[in-house]
Each structure stands twice: as C-alpha cells, then as structure tokens.
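Numbering of ligands and ligand atoms starts at 1, following listing order.
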Amino acid sequence: MAQNNVQETGLRGLPALDALARTPDGIALVAGHGRSRALKTLRAAIDEARDQVLAGGKSAPDAAQLLARAHEMIAKANAPSLRPVFNLTGTVLHTNLGRAPLPEEAIEAMARVARGASNLEYDLTHGKRGDRDDHLDHLLAEIAGAEAATVVNNNAAAVLLVLNALCARGEVIVSRGELIEIGGAFRIPDIMKRAGCKLVEVGTTNRTHARDFREAITPRTAAIMKVHASNYAISGFTAAVKEEELAAIAHAAGLPFIVDLGAGALVDLRQYGLPYEPTIGDTLGQGADVITFSGDKLLGGPQAGLIAGKRELIAKIKRNPMKRALRVDKMTIAAIEAVLWLYREPEKLADRLPSIGLLTRKQQDIRTQALAICPAVAAYCAGFASVSVRDCSSQIGSGSLPVESLPSAALAIEPSDRKRKGNGAQTIAKRFRNLPVPVIGRIEDNVFMLDLRCLRDQEAFVAQLPLLKTSAETVA
Ligand SMILES: *Cc1c(COP(=O)(O)O)cnc(C)c1O
C-alpha cells in the first residue's frame, strides 16, 4: 500500500498534455510538426513516463524532459529506413548494397525531372502526346549497336516480358547448365512458367551439345535461349554450345535466339584492364536476336532491364501489355540517358562512370589509401582490436565474372581479446555497422576486413571513427 502511494504521488508530478503543449517548447513542437503529430508524440512521451513511474524506481520527468523526449521520438521516427552505407565488402556491384553508384550527371538528371514537369510523354516538336520510350530506345540501340532497343524495370522483368511476348504457349529450349537462380528468387524455370512458356531442358549440368538443341526442336518450339552463367562457373569436364552455333540452329528452324546476358557490358572491359565479359555488340554479332541485361550491373546505371535486338522483335515486345506494367519511371529514364551519353566517349569512361572507375582502381592506389588511414582506424580501435594493411581481392559482383577477382588492399581489423575469439570479429563488424553511416565489411578467419576499393569519401569515413567507442555500448 505504502509503495502504491509513493508511485501515485510521483504521477501527480507528471505534467498534463495541455500544459506541455502551451510551453514555448511545446508551441515550437506544434509549429514544427503540426498539431496532430506533436500532441500524439507528447501523449506517447507522457504514457511512457507514467509506465516508468508505475514500474517503480523513477520519478516523474518535468516538462522540459518530456519535451526533449518527444523531440527524440520524432527524430527517431523520421530516420529514413533506406540510407547510405560504406560498401567496404570488396564486392563492387553488391546487389544487397544497391549495386552501381551513379555518376553525378545521372543524379542531376534525376533531380531535374523529379522536381517538376517534363516532356516525359510529350512530343515537343509537334505539340502532342509522345512516347516515354522515345527518350531512350534510339540512344540505347545506337550505343548497343542494335537495330532497336527498349527498357523496363529490371532484367528479371525484361526476361519475363521477352519470353511472354515472343514465346507464350510455346516451348523454349535451354541448356541444363544454365537453369540459374539469381539471388532474390529469380529462377529461370519459374520465370518461364510465369511467362506462359514451357521450358525444355537439354543436355546435362556440365555438358550440352549442338545435337541436344537440334533434337529438341518441335513444331511447338518458340525460341532457343541462352542464359549467361553469371553467378557461378562450371569448370572441369564441360561443353557448351557457342552462341554462333545456337543462333544458326535457331535460325535454320526459323526461331529467334534469345540471350539473357545478365551483367551486360556495353563496351569491351579489356580496354580498362578488366577481364573480358561478353558485350552486347559481340553477342549481337554472334547472331542473338534479342538480348536482355541489367542497367545497374556493369552498365553502371540505375536499376533497369535493357532489351536490345531485331527491330520487328523489339516492336512485338513493346506491343505486349506487360510492357506497360513493367515500364520505368521518369527518374530512371533520366538517369539511363545520362549514363548512356557517357558511353559515347568510351575512353573517358573510367574517369566518368563510378562503377568502371572503382573496378579499375589500381591496387597500389588502394594500398596507399589504406596505409594513410590505418593509424586513425588503429587509434580508435585501440582497446578492442589491432589494425594492419593487407592485400586482398575484390570481386566485381552482381554475377559478373564470378571467378575473376581484382587485386586490392584492406584494413584487417583483428580482435585483441584472445579469450573472446570466435565472436570477436562479429562484434567488431557490429560496431562498424552501428556508426551513423554504417560501414559494411566482410569477415575472414575471425578478422574484420575493410576492402578500401570502394571507399570514395575517405573524409566522412574517418570523421565518424571517434564514435566507434560509443558504438561499442550499443553492441553488447
Ligand atoms: C542479374 C541477372 C538477372 C536479374 O537481373 P535484375 O536486373 O537483378 O532483375 C537475370 N539474369 C541474369 C543472367 C543475371 O545475371
């Protein structure tokens, strides 16, 4: 009983909602966020305080404390869920971390059309309704070296649309070695089904021959399809049919040859010292009739699915009602256009397109950066980890060239608490994730590795290091 009385006395000290709202700070809260949200938050702050008093051990907060708490609640609720991180995983085009960083030109182009009206579907020459596809289709065809091209929401959508438009109710022949799954449940057999096509698998996992395709052709066959093995490699005793030969088999039977190229390079990456990845131009030259590829992988643009190929097939694809459902928005169009412009001057690409710039960074340059910031990182990790510079390998990512790696350099952050080995690197990883701009690395043999290939804003990275001390508290 006595205890209850104490608590009720405590509650009596709790300011009322009206009184709080009438204080200068309460008036400012209403002015800043509107009456309904301000009052709702103040009520929540009072309720929280009441619960704490009733639970015992706490005295009622005063008006200033309650208002501070309300501000805190609003700030927390206003923190965006989607926010920037440092991608120091060593995987440059990391699907979980948003893939390609955009060039400034593309970001500005997006902002320009986002801000107001644009000629998205308006023909400025004739003053009448236009087609949003006109902004990109010709430019993309020109740069890809294709008769025609078009764009949809992502490459998964491109594959779905192409199959539905060209092959619905028909059979599509694919090698068993290419029935891929890309992260996020994109599986060729499932897409095929949803597109209304019947998948005809030929060959075996490791070996498929030309005769496998020839023998599988029936009057119901609608296309031969090749899927670029983008996130794995089959090695050892293998055989695959070359694109030229697949195209010849398809064309002899009057069928289209469709290629899902995945990463899809628009230019030969060897000119930047990178490994060869089949280009759109090469694949068209090998006889592909329709190619699909991503906008945010090697192309270095925003999320999009690009389709390039024969004029009449692209026209048929564009007439399909699904095209409308899978269309891209004006911001994407603006960004792709800006990125494609950069491709008109391929020699400048490594300087202008961040994805190519990061992929072509020299190990020596990354190592120099690592040595420069190592002392600062070591100073702020003192007490829980030791830091050194180590050579490592970055990956291109996003299913491009899965077995190729790029020589790079990393900060190797090793837990100093030997007794706690086993979970030490995990705890360090969490400290870095808890920073205001979370830093994402990878763990190798209980060492937290930060591959600096993709560290562009070094100043911002170093500036938040002092918070590593306090980010420890949120770790435990
Ligand atoms: C990445 C990839 C896809 C999916 O592309 P999204 O743009 O992520 O939808 C499909 N096929 C292949 C071969 C890929 O590499």
Side-chain angles (χ1 to χ4, degrees), residues 91-102 136 140 144 149-164 167 172 174-195 197 199 208 223-234 240 243 246 257-266 269 275-280 282-283 286 288 290-309 317 322-323 325-329 332-333 335-336 339-340 355 359 395-404:
T91 300
V92 178
L93 300 167
H94 199 302
T95 296
N96 305 140
L97 302 181
R99 290 192 185 160
L102 291 181
L136 289 180
L140 176 58
T150 196
V151 178
V152 289
N153 183 54
N154 57 16
N155 188 33
V159 175
L160 180 70
L161 174 64
V162 166
L163 286 172
N164 184 263
C167 311
V172 180
V174 186
S175 162
R176 282 207 169 82
E178 298 171 1
L179 297 178
I180 58 159
E181 171 176 323
I182 312 272
F186 173 88
R187 293 172 135 196
I188 289 293
D190 298 339
I191 294 278
M192 211 52 98
K193 212 177 284 167
R194 293 288 169 171
C197 309
L199 168 67
T208 304
I224 290 180
M225 183 176 186
K226 182 166 182 75
V227 183
H228 188 54
S230 54
N231 50 3
Y232 67 104
I234 295 184
E243 281 80 352
L246 283 178
F257 174 43
I258 300 168
V259 180
D260 174 16
L261 212 44
L266 274 180
L269 297 175
Y276 177 73
E277 170 82 11
T279 66
I280 313 307
D282 290 353
T283 309
Q286 289 156 359
V290 175
I291 302 177
T292 63
F293 54 108
S294 292
D296 52 357
K297 292 184 180 173
L298 282 176
L299 190 91
Q303 177 190 303
L306 287 73
I307 307 171
I317 290 163
M322 247 188 220
K323 170 75 170 64
L326 303 174
R327 75 181 185 186
V328 289
D329 77 323
T332 302
I333 292 173
I336 297 177
V339 169
L340 288 178
S355 54
L359 289 171
Q395 289 205 335
I396 297 177
S398 264
S400 318
L401 312 150
V403 289
E404 303 280 356

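- Considering every non-hydrogen atom in both V328 and V152, the closest pair reads CG1-O, 3.1 Å.
- Under a 4.0 Å criterion applied to the non-hydrogen atoms of S294, ligand 1 contributes the atoms 5 (O), 6 (P), 7 (O).
- For Q286, the side chain to side chain contact (heavy atoms under 4.5 Å, CB included) partners at least two apart in sequence or on another chain are E243, E244, D282, T283.
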Quick one: do K226 and I258 satisfy side-chain contact (heavy atoms from CB on, under 4.5 Å)? Show the steps, please.
CA-CA 6 Å; K226 182 166 182 75; I258 300 168; over 6 Å; no
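- Set against the non-hydrogen atoms of D260, the atoms of ligand 1 under 4.0 Å away are 10 (C), 11 (N), 12 (C), 13 (C).
- The shortest N or O to N or O distance between K297 and ligand 1 is under 3.5 Å.
- Applying the salt bridge (Lys or Arg N to Asp or Glu O under 4.0 Å) rule to R187 yields the partners E181; only residues at least two apart in sequence or on another chain are considered.
- Remark: ligand 1 atoms within the under-4.0 Å shell around heavy atoms of H228 are 13 (C).
- Side-chain contact between K323 and L161 is present, with heavy atoms from C-beta onward closer than 4.5 Å.
- Within the structure, the closest approach of R99 to ligand 1 falls below 4.0 Å when heavy atoms are considered.
- The F186 neighbourhood of ligand 1 comprises atoms 10 (C), 11 (N), with distances under 4.0 Å to a heavy atom of that residue.
- Within the 4.5 Å cutoff, no side-chain heavy atoms of L269 are placed close to those of Y276.
- Below 3.5 Å of separation, one finds no N or O of D296 facing any N or O of ligand 1.
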